[in-house]
Amino acid sequence: KQRNFGVNQVGNTIDVVCFLDDDTVLEPDYFKEVLNTFLNNPEIIGVGGVAVNENNWKVKQPNVTYNKFRYYQFDNYVVKEGLRNVVRNYVGLQSPLLPGILPEFSHGRTCGYPLTGQLHEVDLLIGMSMSFRKSLFKHISFSKYFEGYGLYEDADFSLRALKYGKNCINTAARLAHYHDASGRPNQYKYGKMVVRNGWYVWRVKNPNPTIKARFKFHSTSFLLTLIRMTNVITTNERQKALTESLGRVVGWFSIIFNPPKQI
C-alpha cells in the first residue's frame, strides 16, 4: 500500500522509479549505473543492484579443486555455499538454474553474482535495491496481499513485471545493506511468512506445477525448516530459532488446509 501510494506521487516527467531500503548506503555512481542500464537496454523493465558487503564471490585460484557440493562456480569466480545449500546439493534439491532465476519448484539460488560490472538477466529483484520504468505502473501495482510487512513482495512484483520486459542485475550498481532487524515482525510471524508467502510467489510463476515440482517445493521447505531447527542447538539465539521454526511448521500446515488466495 505504501509503495503504491509513493508511485502515485511521482511526477509526470519521471521515467524511472527507484526503490531502496532505508538501511542501505549507496555508492556515488549507483543511480548513474541504474539509469544507463535503462537507457542502453530498451527491453529491460527492471534493474537491481548489488550489496557489496554481502557479496562473497572470490576469483578462482589456479590449481585448486573446489568441492562441487560446497562451492558454487560461475565463470572464473567461486562462492562458498551456506549450510542450507550444501545440504540441498547433497540431497538433490538444489536449483539447476543461475542465481535469481526461479526454478519450477520455486526454491532458487540466492548467492547473487560476482562484482564484474556485467548485467545478468534474472526473474527476481531484491526490494533493498530495485528500479522499474514508470510505464510499468500503468499495467501493474504492488499486490494487496503483501500490505504491511509482506515478505517476498519484491519477488511477486518482479515476476509480474516480466510480462512487460526483462529484469536484470547490474553488478556495477552497488550499495551496502545493513539489515535493520527492527523493520521485521517477530520470528514466529516471519517463519510463517517464509512458507506461506513463498508458496504464494511460487504460484505466481507456476500456477499449475507438476507433481515433481510440488514434491520438490514441499521437500525443500521441510528440509529448510529442519536446518533452521538445528540452530536451536548450534547458535546462541535459541529462542529466535525455535519460534521461527514453529512459524515455518504452522505456515506449512496452513498452505495445505488454507492456501493463500491469489490477488
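Inter-residue side-chain proximity for Lys189 and Val250 is flagged as unmet; no heavy-atom pair is nearer than 4.5 Å.
In this structure, Phe19 has its ring center no closer than 6.0 Å to that of Phe157. Taking the ring centroids of Phe217 and Phe105, they lie at or beyond the 6.0 Å cut-off. Aromatic ring centres of Tyr200 and Tyr152 lie farther apart than the 6.0 Å criterion allows.
With values rounded to the nearest 0.5 angstrom, Ile140 atom CD1 is found 14.0 Å from Lys138 atom NZ. In this structure, the separation between CD1 on Ile169 and OH on Tyr113 is 8.0 Å, given to the nearest 0.5 Å. The SG atom of Cys168 lies 8.5 Å from the CD atom of Glu43; values are rounded to the nearest 0.5 Å. In this structure, NE2 on His107 lies 12.0 Å from CG on Asn85, to the nearest 0.5 angstrom. From Glu104, atom CD reaches atom CG of Leu97 across 10.0 Å, with rounding to the nearest 0.5 Å.
Looking at Arg174, its side chain never comes within 3.5 Å of a backbone N or O of Tyr30 through a donor-acceptor pair. The main-chain N or O of Ser254 is never found under 3.5 Å from a side-chain atom of Asn258 such that the two would form a donor-acceptor pair.
By the criterion of side-chain heavy atoms lying less than 4.5 angstrom apart, applied directly or through intervening Ile, Leu, Val, Met, Phe, Trp or Tyr residues, Phe215 is not grouped with Leu102; the two fall into different hydrophobic clusters. Hydrophobic clustering (side-chain heavy atoms under 4.5 Å, transitive across Ile, Leu, Val, Met, Phe, Trp, Tyr) groups Val52 together with Val122.
Taking the ring centre of Tyr72 as origin, the terminal cationic atom of Arg109 falls inside the region bounded by 6.0 Å and 45° from the ring axis.
Evaluation of the side chain to side chain donor-acceptor pair (under 3.5 Å) rule for Asn170 yields Thr37 as partners, not counting sequence neighbours.
Between the side chains of Glu81 and Asn89, at least one donor-acceptor pair of N or O atoms lies under 3.5 Å. There is no side-chain donor-acceptor pair under 3.5 Å between Asp21 and Thr24.
Between Tyr164 and His139, the ring planes are parallel. Angles under 30° get that label, and only those over 60° would be called perpendicular. Ring pair Trp252/His218 is perpendicular by interplanar angle, where above 60° counts as perpendicular and below 30° as parallel.
Hydrophobic cluster membership of Leu39, counting Ile, Leu, Val, Met, Phe, Trp and Tyr whose side-chain heavy atoms lie under 4.5 Å apart directly or via other members: none, as it forms a cluster of its own. Other cluster members for Tyr66: Val64, Tyr71, Val78, joined by side-chain heavy-atom distances under 4.5 Å among Ile, Leu, Val, Met, Phe, Trp and Tyr.
Listed here is the closest heavy atom pair of Lys216 and Thr220: O-OG1, 2.6 Å.
Enclosure of atom NZ in Lys163 is not indicated, since only 12 or fewer non-hydrogen atoms of other residues, nucleotides or ligands lie within 6.0 angstrom.
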